[in-house]
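Take a look at the structure below.
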Amino acid sequence: STGDNGTDGGSDGYEIALITDKGNIDDKSFNQGAWEGVVEFAGANDISHTYIKPEEASDAGYLAAIDLAVQGGAEVVVTPGFLFEVPIYEAQTAYPDVKFILLDGAPHTADYSVFETKDNVASIFYAEEESGFLAGYAAVMDGMTDLGFMGGMAVPAVQAFGYGFLQGAEYAADDLGLADGEVEVTYHYTGNFDENDTNKATASTMYQEGVEVIFAAGGSVGKSVMSAASEADGKVIGVDVDQRYDSETVITSATKGLAASVISVLESIYNDNWETYSGKSTYFNATNDGVGLPTEVLGEEGGDAFDRFESFDLAAYDEIFAELSAGNIELLRQIEVADATGYATADELTEALGLEKVDVTTR
Amino acid sequence: MQGNNNADKLKFNIKNITSHSGFKSLGAALMAIFLGLVVGFIIMLVARPENAIAGFRFVLLGGMGRLGDVLYFATPILMTGLAVGFAFKMGLFNIGASGQYTMGMFFALYVAFNWDLPGSTHWIVAIFAGFVGGMIWGFIPGIFKALLNVNEVITSIMFNYIGMYLVDMWIQNNGVMYNSSLTRTRYIASGVQIPALGIAGSNVNLGIIIAIIIAVILYIVLEKTTFGYELKATGHNKHAAEYAGMQGKRNIILTMTIAGGMAGIGGAFAILAPSAIAGSSMTYEPINIIAANGFTGIAVALLGNAHPLGTILSATFISYIQRGGTLTSLVGFKPEIIDIVVAVIIYFSAFAMIMNSAIARFIKARLGKDDEKPLQETDSENEENTVEDEEVIKKETEKEAE
Amino acid sequence: MDVVYYLIQNMLPIGVPLLLVALGGMFSERSGIINIALEGIMLFGAFFGALFVLLVQGSSMGPQTILLIGMLVAGISGLIYSLLLSFASINMKANQVIVGTALNMLIPAMILLFSKMFFSSDGITTSKSFYIREIPILSKIPIIGELFFQRTYLTVIIGFIILAISVVVLYKTRFGLRLRACGEHPHAADSVGINVYKMRYAGVSISGVLAGIGGFFYAVGVMDGNVSGHTGVAGFGFLALAVMIFGQWKPIRIMFAAMFFAFLRTLAYSVSLIPFLFDLGIDQTYYKILPYLATMLVLALTSKNSRAPKAEGIPYDKSQR
Amino acid sequence: MENYIVEMLNITKEFPGIIANDNITLKLKKGEIHALLGENGAGKSTLMSVLFGLYQSEKGEIRKNGKKVTINNPNDANELGIGMVHQHFKLVEVFTVLENIILGVEPVENGLLELEESKEKIIELSEQYGLKVSPDALIEDISVGMQQRVEILKMLYKDNEILIFDEPTAVLTPQEIIELLQIMKDLAAEGKSILFITHKLNEIMDVADRCTVLRKGKYIGTVDIESTTKEELSRMMVGRDISFDVDKEDREPGDVILSIKNMTVASKTHKNNAVRDVSLDVRAGEIVCIAGIDGNGQSEFVYGLTGLEKLVSGTITLRGKDISKASIRERSASGMSHIPEDRHKHGLVLDYKLEENLILQRYWQPKFQKNHFIKFNEMRDYAEDLIERFDIRSGQGPTTMARSMSGGNQQKAIIAREIDKEHELLVAVQPTRGLDVGAIEYIHSQLVESRDAGKAVLLISLELDEVMNVSDRILVLYEGEIVGELDPEETTTQELGLYMAGAKRDTEKETRHAGE
Ligand SMILES: Nc1ncnc2c1ncn2[C@@H]1O[C@H](COP(=O)(O)OP(=O)(O)OP(=O)(O)O)[C@@H](O)[C@H]1O
Ligand SMILES: Nc1ncnc2c1ncn2[C@@H]1O[C@H](COP(=O)(O)OP(=O)(O)OP(=O)(O)O)[C@@H](O)[C@H]1O
Ligand SMILES: [Mg+2]
Ligand SMILES: [Mg+2]
């Protein structure tokens, strides 16, 4: 591509570049998590870093943004999200000397005929279903029987959170010996990842209907849910990162170690053990502490991260987490969904996830 | 007397040039652009003084190295610019280009996915479908305006939202078009993509050529045909148009429909653009966001003085500084700086004409100082020009009245 | 019954920003200036209001005090931003619609640029809760208390106070009489020694203040004190224009119009609470479209005999008779 | 040295391209009625606007009671006790009479308007001077005469002692005029000083003490009314003797061209119909004039006839063809030409070139377009031809912007267009409004020429002189109805005035006859 200006005007450029997908780096999701990782690592090691927003939200546009970053001097390019799968497939060949960290995706061609992760690419995945499972389990174990789920759009990561959440609730209801249908879950996708009055109103309505806690798995959707919760005295389960600091209403968060994983990969690059991640997909899950509920409170030595629960506590958590990491619990990450929107019906969910104690309503 | 004569000549010439209307609007546009860039530079200077010069250089020159992209990104905004400008000629403010654009894009996509046509014609039919989609969404505010007397500004804003919600719903509910796990439309076949022009590193395609041809056609329609004559007459004075037996209501509807069609084609151009990556294509993500290209079209039209040929220039210009603006990321700025510059340009262009003639008058006053003479003796041509000067102002103020 | 209370309690914080901004539009148009920049001014006010909240939220100031001062900040910001419209359309006699459009485009870009450069964000996120569970004493009034003084925001009460003040100012004061004269027949006003330019500055400035406050109240009551350059104020400024027309440029009618739309909006998102609507199984999208479509329908029905201030949109030129 | 209450000395006021007041001096004595006379555009209103502070003069000074004063705005004027009734009323239509009167001097108590006292004062004043108004009526609901009383009350309410009346009688019925003149005399008797602008010499002779004459922005002179005559005044005004007679020979009218039966047209401003059950015929070779005072339904009548407005009921037949529901274009194509009342609103596209304006009614005809493409050469040739034949003067010929042309030449362009267009019926609405004597003569001759060429001419006019001189037959429109048919040869201005004022009307039968 042309773009010589990229180098001559841009002083010495930036060594680590993050390309955002459609959102900004405060999207409470992939962009933000990855960026926090970049900042933390680069800050500690005094490495120049920047983020770039593509001009156009298309494969070609993302590729152009990568071009721009590389021309601007980037040696490591971080691309958060599966939308970069196709662009990275192209870029890994075009820029063999640049290292790519692709979160939540693996490089492939547009028609999915060829999957290939070259040596200069690290592909990272997260087991969201496990994180969601822990959240659902904790809520029901704590005595809540009326739950809500508000996902953003029905993308695989969000779906996995939701399915995990349902399975966790079912598992806990089973443990507690609740009757069939005694746990009710209202299951909803907002269709966006924004904070807006629609999302707030939807959450308010759920609380009004008697929902005790809503698992908000959709980036900034969480802000709307927290706002509704604080008005309605409801509770919220955060997502991706520990959101207890955003609002009193957040009892726990289904986290995945976005920042931590980025830092790990960056460390491997700068500490010369790139081969740990190079050329393959790595899963972050309970086994390698890649997902889970927060167990520590920032800046509070020995603080109780479960203090916002009635009864569920660290001990109970450790127990179920051990089960999970031991591989004793089988979880579904994906189910068959008929609707084009990717929104599963109540029947599909009940059927595929084998729900008995849990009664799902979709919205 | 001799000296007076010379001064007279000079004065006369300046008046002649400055009162020529083409010069005036170009001058006004340049003035507005200049002020917009100055404001942009000041903002950069305040935000990050150490990088301001480097950043500003990107804004000014960054587009140079990316001329293919400049044209590529100019394509849809040229069409939305025409959509706004064409309606403007009739005194209608088509702020609904956004919804029309989205609608056109949807229609094009629909044809791309659901109609089975040979590659050689498929993209042409899809563009045409975009045209139809946009026309429908322009037709509605036209009807509201003509038959129900509802201000087109309000209607088109409302229909921006309605169109956006509808399209997003239609796409999400259509499994052929929508890939829910990627939250966007599926890739369209390469046969529906508009053939690329083959400029390396850019997806610039036949769309730009078609867009320019359309602009020229609109120019001919406006300047050479009876429809254009009626349309402009209505824009200048709808009462006179009615008096002359022109069908104002029909023309309003027709104009809005054509304008909508232009924006619709813009949407088609955007979504049917070819991709440099094999098997890939443009995609649309239905996340309830109003298409920005529609609003950029307003800027393009205003800067181009609603003149179809001027619009080609202004679309290219805005795309040019946008490309440069993207590059400012490399020195710590954000591309939004260009949106600010463009907004400031429009702000000033709303009264640059007046500002310019004030300046022109000032210059004239300076130059004409020493040969002041009783007014009744000034020759008729001079007088005519002075009057005309005023007229430009008056014309502007009258437009606002509508 | 609970559902009715719920709907109204939720309608009010959404209706009040609409009400205030539409009142602002009314003051501006009554003085003769079309203010299509309301959307931008709202966002401007919201941004600075939220910025203020962000700066002081760590202090010991109570949330309602912060809200009141934030309101002042937002109002003043709105006023300042509206001066750009006044200057262009009053002094420079520019096309008011174009200037308004430019101002609408400018501010989201400003917020995005500023927030990205300084907060690495699309806007401002604050952490103060302004929600009021119940207001002592007043909340005990039967029915009214539950509707207006429970589960509410201070913004609602302020909104209605401003409405009352607006009615008095517009109809009972010298200023109001003069303002209306300027929007109807500026030459008449001029001929009795009223400074039309000043009055128009005043009209636009009031609209700036109200739109600024409205924007901040939107941020408080709808967005939990946050502002984003990305979603902005979700077209509320434009809706307010429609509300103003529907309200026929009259304050009390504007109030009813604003509440009508807020109610539809609330209803649209609370469909699941109303069994017979929910059972229809209509796609949510249609409910989202409903407020916009209703606006259009109402305008279509009322536009024929709607009576805008006669001189609105026309720059005042002393020398033209 | 006389004692003047106001002196305007050597006032010069320029507008772009024109000197509206050129070194004009005017002195007003206390307690006198001082008339200001001059042709259209002579600069009368401008001079008064300078005195009232609406305009600032470039040169000259104003003195009040011998002391130099500066009047920068109407407030200054008001403080000096100067009030003005404008040619075009400056009243807010949606306000009440009371609100209009107090506007600018609103009484306020505790920050709120307090109108009771003002209301009493207004009622008092209106009784004192016989200015009947009801304070709570909306301006838009009251008659023009009543509106004028409001304007006068506005001045009296502010205790103004110098009262300017700019053409106050132009909009009044003869009876109202008599009342007004009486009021002015009373006011002068009370010590108010009055400046009175009018075109009507009779009125000046009637009430004024002195008269100042302007011509083309220049001061001509001031005379005592006692020692002057109408003839002298008119000579001062135009610079030559004038005859208002139009050269025209008697003609025998031919076939009926236009026939209107029971036409009723709605009003835009009030609920009653503006035109009610009007029937009339116009024959080839005659000029029929519809006379009447402004606001009696003339505009609506023309709108209904030409298709700008839909009829409530009735039929219009043009050359035997029913065109009651025809579009404007169809009417035009069937032979109706229309010189509109408002040349800027309807007659011209001011931002089009002269040549483009000249084909405004014909651009769609094969002569000027082929396959929807305009034939620019034809257009240019045609424009040049019309410019030549009708002597339309402008800066750049066919390419002149209509806006930059003078009013008279704009009107000429319209007349050329409408007369040259193929037509059987010419509807001319106030074709001489705002024009000077030369232009008026020209237009009248064109109307007569058209008649002589066998066209039917329907003239709608507010000017009594024009009505009497140009028409072959006069129909009087009063409150939307035809109240009389008169023969200009046999009637007098006085009689016509009575009809126009509604004081006299033909019996039902006679009126019906007029339409047959
Ligand atoms: N605001 C203005 N701008 C430019 N020219 C003006 C303006 N006002 C008046 N004129 C011009 O100044 C001249 C004098 O106008 P003025 O209104 O004083 O005439 P007048 O004597 O009152 O005429 P009339 O009898 O028609 O009222 C006219 O040629 C008019 O066109
Ligand atoms: N309000 C106004 N603003 C600007 N220009 C004006 C205004 N009124 C008149 N003019 C200009 O002043 C000049 C004189 O106008 P006016 O209508 O008084 O012409 P005139 O001298 O009466 O000629 P005619 O006899 O043809 O009517 C024209 O060029 C006209 O365009
Ligand atoms: Mg006058
Ligand atoms: Mg004239």
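So that the names make sense, note that chain A is the first sequence line, chain B the second, and so on, each numbered from 1.
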To the nearest 0.5 Å, what is the distance between CG on B:L302 and CD1 on C:I98?
4.5 Å
Relative to chain C, which segment of B:I298 carries a heavy atom at a distance below 4.5 Å: side chain, backbone, both, or neither?
side chain
When rounded to the nearest 0.5 angstrom, what is the spacing between CG in C:L301 and CG in B:L148?
8.0 Å
Interface moiety of B:I337 toward chain C, non-hydrogen atoms closer than 4.5 Å:
both
Part of B:I43 lying under 4.5 Å from any heavy atom of chain C
side chain
Residues in residues 236-249 of chain C near chain B [non-hydrogen atoms, under 4.5 Å]
C:F238, C:L239, C:L241, C:A242, C:I245
In Å and rounded to the nearest 0.5 Å, what is the CE to OG1 distance from B:M169 to C:T285?
5.0 Å
Could you look at B:N173 and say if it's the side chain, the backbone, both or neither that has a heavy atom under 4.5 Å from chain C?
side chain
Less than 4.5 Å to any heavy atom of chain C: does that hold for the side chain of B:F144, its backbone, both, or neither?
side chain
When rounded to the nearest 0.5 angstrom, what distance separates OG in C:S115 from CD in B:E336?
9.5 Å
Between C:A94 and B:A350, what is the shortest heavy-atom contact and its length?
CB-O, 3.5 Å
Do the non-hydrogen side-chain atoms of C:Y292 and B:F159 ever get within less than 4.5 Å of each other?
no
Heavy-atom distance under 4.5 Å to chain C: side chain of B:I289, backbone, both or neither?
side chain
Taking side chain as everything from C-beta outward and backbone as N, CA, C, O, which of these in B:V153 sits under 4.5 Å from a heavy atom of chain C? Side chain, backbone, both or neither.
side chain
So for C:F114, is it side chain, backbone, both, or neither that comes closer than 4.5 Å to the heavy atoms of chain B?
neither
C:Y286 atom OH, over 12 foreign heavy atoms within 6.0 Å:
no
Using non-hydrogen atoms and a 4.5 Å limit, figure out which bit of B:N160 sits close to chain C: side chain, backbone, both or neither.
neither
Among the listed options B:N149, B:V344, B:I162, the residue most often paired with chain C at heavy-atom distances under 4.5 Å
B:I162
Would you call C:N95 and B:F93 a side-chain contact if the rule is heavy atoms closer than 4.5 Å?
no
Would you mind checking which part of C:A308 comes under 4.5 Å of any heavy atom in chain B, side chain (CB onward), backbone (N, CA, C, O), both or neither?
neither
Most contacts with chain B, counted as non-hydrogen pairs under 4.5 angstrom, among C:T295, C:L293, C:D283, C:V99
C:D283
Do other residues, nucleotides or ligands put more than 12 heavy atoms under 6.0 Å from C:F256 CZ?
no
Leading residue by heavy atom contact count with chain C [cutoff under 4.5 Å; candidates B:D339, B:V341, B:I157]
B:I157
C:L84 versus chain B, heavy atoms under 4.5 Å apart: side chain, backbone, both or neither?
both
Rounded to the nearest 0.5 Å, how far does CD1 of B:I346 lie from CE of C:M105?
4.0 Å
Against chain C, label B:I340 side chain, backbone, both or neither, depending on which of its atoms sit under 4.5 Å from a heavy atom there.
both
How far does CE of B:M164 sit from CD1 of C:I289, to the nearest 0.5 angstrom?
9.0 Å
When the 4.5 angstrom heavy-atom criterion is applied to B:Y347 and chain C, the contacting part is both
